[in-house]
There are 2 protein chains.
Amino acid sequence: MEQAEAELSVEAVCQRLGLTARTLHYYEEIGLISPKSRTSGGHRLYDEKVVGKLEQIVRLKNHLGYSLNEIRHMLDVESRLDQIRLNADNACLSEEIRRSELEEAADMLRSTLSQIQLKMQNLQNMKNRYEEKLRMTEKALETKKYTFISQKGSE
Amino acid sequence: MEQAEAELSVEAVCQRLGLTARTLHYYEEIGLISPKSRTSGGHRLYDEKVVGKLEQIVRLKNHLGYSLNEIRHMLDVESRLDQIRLNADNACLSEEIRRSELEEAADMLRSTLSQIQLKMQNLQNMKNRYEEKLRMTEKALETKKYTFISQKGSE
DNA sequence: TCGCTTCCTTACGTTGACGTAAGGTTACAT
DNA sequence: ATGTAACCTTACGTCAACGTAAGGAAGCGA
């Protein structure tokens, strides 16, 4: 189906995402990512899937303030969901086991979603707060402008 | 105007916010907060203003993932704005200086707001993503339920 | 094959945000 | 006055998330 994807070197991935090699190694150490393969000499080779994962990691970490532990947890849930979906129509485990896995995943998703909801509320509050402050500051600047002008040369 | 506010001990503040004394000390060390006064023996006394500030710090840190450095920066901008507003109608500095301070503050506010905007977008994306996953998981559970029922006792 | 760059592993260093322990002082109820 | 709980300062410990340096192997264009 997919024709052999381009294999990305460490450098290529780092440049595209603004990360360092050390960061990739570290994320691999703690089980967040792993290279698709290695060269005969042991050099890591990544694919586009890893790049997408890394993008998500960066967003979750930098913009949303999740720790790498939390992120791993979230990614684990996602991959387990994919896993379940994969062998859903395919080979079959016990119905009960599959059910409980799905329930667990759903719970995690709901909890994550409520966390996100909370964060959004906080962000909205912050936004309102700072917008108000900005309005006041701009208003102050407006009035100052007038006094400034009227001082320099009236009319 | 304000009648002497209740003075809060370290313990009182910590209990209300779920923080430790060490945290208060640390925040004081790095210039985030400071006690309103001290007892003759050197014990710290806080007021309600500090509590509000701490609440904001906690929100910015835990929910929005800002570092204490970034937070100090934001609080600095806010307090400088208050400062400007205070001696706005009161004693007067040079108009130009005041203007440039206001401009600077406005810039910082705008940059902070755009950061917040970005975070909200990211959060919205995450939310959509996880809602979709949740929907699919729930759908899977629904269909499983039927097969489960029809297996056990049809009708 | 040579030279240069990229990459490997191993391992110690660093920074932020506190935790924790020590040794002594202050506040307050009895 | 006294016990004890809360507090003080000083200082070393810790954990996450990498940075950085060392010494050597792999890739690769000329």
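Just so we're on the same page: letters track the sequence lines, and every chain starts at 1.
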Quick one: [X] [atom1] to [N] [atom2], roughly how many Å, whole number?
X	N	atom1	atom2	answer
Arg38(A)	dA26(D)	CZ	P	13 Å
Asn69(A)	dA17(D)	CG	C1'	11 Å
Leu45(B)	dC7(D)	CG	P	10 Å
Gln15(A)	dT5(C)	CD	P	15 Å
Tyr46(A)	dT6(C)	OH	P	16 Å
Ile57(B)	dG16(C)	CD1	P	17 Å
Ile71(A)	dA16(D)	CD1	P	14 Å
Arg72(B)	dA17(C)	CZ	C1'	12 Å

Is the shortest side-chain N/O distance from [X] to OP1 or OP2 of [N] below 4.0 Å?
X	N	result
Thr20(A)	dC18(D)	no
Thr23(B)	dG19(C)	yes
Arg44(A)	dC8(C)	yes
Ser9(A)	dC7(C)	yes
His25(A)	dC8(C)	yes

Test: Arg16(B) and Glu11(B) ion pair at under 4.0 Å: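 Glu11(B) and Arg16(B): not salt-bridged.
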Nearest-nucleotide comparison on DNA chain C, the residue closer to the 5′ end among Ala21(A) and Thr39(B):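 Upstream on the strand: Ala21(A).
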Nearest-nucleotide pick for Lys61(B), side chain only, options being dA17(D), dC8(C), dC18(C):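 Of all the options, the side chain of Lys61(B) is nearest to dC18(C).
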5′-ward residue of the pair Tyr26(A)/His43(B) relative to DNA chain D: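 On the 5' side of the pair lies His43(B).
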Closest-nucleotide 5' rank along DNA chain D - winner of Ala12(B) and Arg22(B):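 Residue closer to the 5' terminus by nearest nucleotide: Ala12(B).
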Polar side chain donor-acceptor pair, Thr20(A) to Thr23(A), under 3.5 angstrom: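 Thr20(A) vs Thr23(A): donor-acceptor pair found between side chains.
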Any side-chain donor near an acceptor of the partner, Glu70(A) and Gln115(A), under 3.5 Å: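 No - no donor-acceptor pair under 3.5 Å links their side chains.
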Passing option when Glu28(B) is tested against Arg72(B), Arg38(B), Arg22(B), Lys36(B) for salt bridge (Lys or Arg N to Asp or Glu O under 4.0 Å):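 Of the listed options, the one satisfying the test is Arg38(B).
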Qualifying residues under side-chain contact (heavy atoms from CB on, under 4.5 Å), relative to Met120(A), sequence neighbours excluded: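 Met120(A) satisfies side-chain contact (heavy atoms from CB on, under 4.5 Å) with Ile116(A), Leu123(B), Gln124(B), Lys127(B) only.
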